[in-house]
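First up is the structure itself, then whatever we jot down about it.
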2 protein chains.
Amino acid sequence: MSTETSQDIAAPAEHWRSYRPLALHPILLRAMEAFNEHGYHGTSVRDIAGRVGVTVPALYYHYANKQALLATLLETSIKDVLDRCRAAAAEAGDDPLARFCGMVESIVLSMAHRRQLAFLDTEIRSLEPENRARYVALRDYLEHMLLDTVEAGRARGVFATPIPADAVRAVLIMCQGVANWFREDGPLTAEQVAERHVLLSLGTVGHPPAPAS
Amino acid sequence: MSTETSQDIAAPAEHWRSYRPLALHPILLRAMEAFNEHGYHGTSVRDIAGRVGVTVPALYYHYANKQALLATLLETSIKDVLDRCRAAAAEAGDDPLARFCGMVESIVLSMAHRRQLAFLDTEIRSLEPENRARYVALRDYLEHMLLDTVEAGRARGVFATPIPADAVRAVLIMCQGVANWFREDGPLTAEQVAERHVLLSLGTVGHPPAPAS
DNA sequence: CCTACCGATCGGTAGG
DNA sequence: CCTACCGATCGGTAGG
């Protein structure tokens, strides 16, 4: 709680499509890497401290415990996703189709550009109840944002799915899944993957492929 | 390596839509439950032994180590999914649309009826390289089966997606995702969830919703 | 399957 | 009084 807090971590005043190199406190950065490789319980605080090049007590000076590292990382991650998704939705305006496309694009870009951060979603089980509740609330909020848009699109006949809630859950799961397989040195860029997932998602919510909209 | 091995575990000669109560060796069953609650590294062998009601050494009499429990569980799980999916495909015959629907239905039924087993997929990172390679190979085989069907359907104009490989990956991820949220006491039965995912998946691979097929 | 244990490492903290 | 740590070790538990 000195010079640096968690505010300076992710998205200061950046456009939602723009991704600077991830600027995390070295301890958070190394913890993220270790959690990615071995999982939360498979990572020792000594491993994290070793990667950073400090002693274990030094680590405990900056963060209360191992749990605080995971909680901070996950909250940083979901808040950045939410911020960018909101920005994308705002930029798209009122049209449900444009909003949906922008939101999906922004979420997939987050998953790809911040893959290691997004991958930690698999560790929510290791969050203490209070931390998990806060994280899940933010994720649920994202889901409701997207569902509102799909419902609005349904009302205008843009989306044909008879099961919007299931479709939105499926779309978010397939977007989240990008963090499981995307690689920076893979055949597709983050932008290409985002574009493809917009297309896939439109199919999932039943946006007619044939008619010119 | 004595009386019981892993063969008697899952799917003897059952129809792919029929799910008997999960018949696992008590040690595997309790290990599965513990891994679901706390993850692989978050589970101690004493915890498992305690759930079973045996001592730790007793546990090691049946299984070489903790890793063998996870590897056996994951292999049991993916092999049962594959068996049922193959049966569903065979039952559907040559028509790509019917095959696709049957395969997706069978996979989602597996995820829902064998949720705790399917959820262990999140623990592949904790598998030793050799075990992981075997598991991933089987999962890849499932993906190729589904991709072949989607390609065949594309050739006949049944599926419109221009990106079949991405669509199949997305479909499998959304099916796998069912294991993350499905609850037996939830609002939908496994069969309803499977039906809905067939519909969602058809949209994802671009099966035209309007024309009467 | 049990009792009796091992070398090492776990998350976290002491005094300075 | 603060910050940013250190070498050493705490009580318990890991897989075997």
Side-chain angles (χ1 to χ4, degrees), chain A residues 1-9 24-74 120 123-132, chain B residues 1-6 8 24-74 120 123-132:
Chain A
M1 331 151 169
S2 60
T3 56
E4 298 150 311
T5 57
S6 57
Q7 274 96 297
D8 65 335
I9 282 168
L24 285 175
H25 187 289
I27 291 176
L28 284 178
L29 186 74
R30 302 310 176 185
M32 176 190 76
E33 292 170 356
F35 293 159
N36 264 273
E37 289 172 35
H38 309 296
Y40 178 73
H41 286 297
T43 299
S44 69
V45 291
R46 277 160 184 78
D47 178 13
I48 299 170
R51 290 169 189 249
V52 181
V54 298
T55 62
V56 171
L59 193 147
Y60 278 94
Y61 173 81
H62 291 285
Y63 293 93
N65 46 38
K66 198 167 77 157
Q67 172 75 200
L69 294 173
L70 179 63
T72 303
L73 284 166
L74 276 170
L120 296 178
E123 295 292 345
I124 36 173
R125 174 181 45 193
S126 300
L127 283 178
E128 288 163 7
E130 205 174 303
N131 295 327
R132 177 163 59 241
Chain B
M1 328 145 179
S2 59
T3 56
E4 297 150 311
T5 56
S6 57
D8 65 333
L24 285 175
H25 188 288
I27 291 175
L28 284 178
L29 187 73
R30 302 309 176 185
M32 176 191 75
E33 293 170 357
F35 293 159
N36 264 271
E37 289 172 33
H38 309 296
Y40 178 72
H41 286 296
T43 299
S44 69
V45 291
R46 276 161 182 77
D47 178 13
I48 299 169
R51 290 170 189 248
V52 182
V54 299
T55 61
V56 171
L59 193 146
Y60 280 93
Y61 172 80
H62 291 285
Y63 293 92
N65 45 39
K66 197 167 79 157
Q67 173 74 200
L69 294 172
L70 179 62
T72 303
L73 284 165
L74 276 170
L120 296 178
E123 294 293 345
I124 34 172
R125 175 181 44 192
S126 300
L127 283 178
E128 288 163 7
E130 204 173 304
N131 294 328
R132 177 163 58 239

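Note that this is a predicted model, so its numbers are computed, not measured. We use all heavy atoms of the structure for the numbers below, so side chains are in, but hydrogens, waters and symmetry mates are not. Lettering follows sequence order; numbering is per chain, from 1.
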### Task
Kindly write out the residues that satisfy side chain to side chain contact (heavy atoms under 4.5 Å, CB included) with Glu128(B), not counting sequence neighbours, or none if the list is empty.
Gln67(B), Asn131(B)
### Task
Starting at atom CG of Leu59(A), determine the distance to atom C1' of dC6(D), rounded to an integer number of angstrom.
14 Å
### Task
Figure out the OH/P separation between Tyr61(B) and dC1(C), and round it to whole Å.
8 Å
### Query
So Glu123(A) and Arg125(B), salt bridge (Lys or Arg N to Asp or Glu O under 4.0 Å) or not? Walk me through it.
CA-CA 12 Å; Glu123(A) 295 292 345; Arg125(B) 175 181 44 192; 2.7 Å; yes
### Message
By the ring-ring contact (aromatic ring centres under 6.0 Å, His included) test, which pairs, at least two apart or in different chains, include something from residues 33-52 of chain A?
### Response
Phe35(A)-Tyr40(A)
Could you run down the sub-3.5 Å N/O contacts of the protein with nucleotides 10-12 of chain C?
| unit_1 | atom_1 | unit_2 | atom_2 | d |
| --- | --- | --- | --- | --- |
| dG11(C) | OP1 | Thr43(A) | O | 2.9 |
| dG11(C) | OP1 | Lys66(A) | NZ | 2.9 |
| dG11(C) | OP2 | Val45(A) | N | 3.0 |
| dG11(C) | N7 | Arg46(A) | NH1 | 2.6 |
| dG11(C) | O6 | Arg46(A) | NH2 | 2.8 |
| dG12(C) | OP2 | Tyr60(A) | OH | 2.9 |
| dG12(C) | OP2 | Lys66(A) | N | 3.2 |
| dG12(C) | O5' | Tyr60(A) | OH | 3.4 |
| dG12(C) | O6 | Arg46(A) | NH2 | 2.5 |

### Summary
One should read off an interatomic distance between Met32(A) CE and Leu24(A) CG, to the nearest 0.5 angstrom, of 6.0 Å
### Summary
Across all chains, not counting sequence neighbours, the side chain to side chain donor-acceptor pair (under 3.5 Å) partners of Asn36(B) are none
### d(NE2, His25(A); P, dA4(D)) in whole Å
9 Å
### Message
When the P atoms of dA8(D) and dG12(C) are compared, how many Å lie between them, rounded to an integer?
### Response
23 Å
### Summary
In DNA chain D, stems of three or more consecutive pairs, Watson-Crick or G-U, each with both distances under 3.5 Å, turn out to be none
#### Entry: Euclidean distance, Leu69(B) CG relative to Leu29(B) CG, rounded to 0.5 Å
12.0 Å
### Message
In whole Å, measure the gap between the C1' atoms of dC10(C) and dC10(D) for me.
### Response
12 Å
### Test: Arg30(A) and Glu37(A) ion pair at under 4.0 Å
no
### Task
Would you kindly give the OH-to-P distance between Tyr63(A) and dT13(C), to the nearest whole Å?
17 Å
### Query
For Glu128(B) and dG15(D), what is the distance between atoms CD and C1' respectively, to the nearest whole Å?
12 Å
### Task
Could you label the plane-to-plane angle of the His62(A) and His25(A) rings as parallel, tilted or perpendicular, counting under 30° as parallel and over 60° as perpendicular?
tilted
### Query
Quick one: is Thr55(B) getting a side-chain N or O under 4.0 Å of the dC1(C) phosphate, OP1 or OP2?
no
### Query
When the C1' atoms of dG15(C) and dC5(D) are considered, how many whole Å apart are they?
13 Å
### Query
Can you list the residues that meet the side chain to side chain donor-acceptor pair (under 3.5 Å) rule with Asp47(B), with sequence neighbours excluded?
Arg51(B)
### Message
With a cut-off of less than 4.0 Å, is there a side-chain N or O of His62(A) near OP1 or OP2 of dA4(D)?
### Response
no
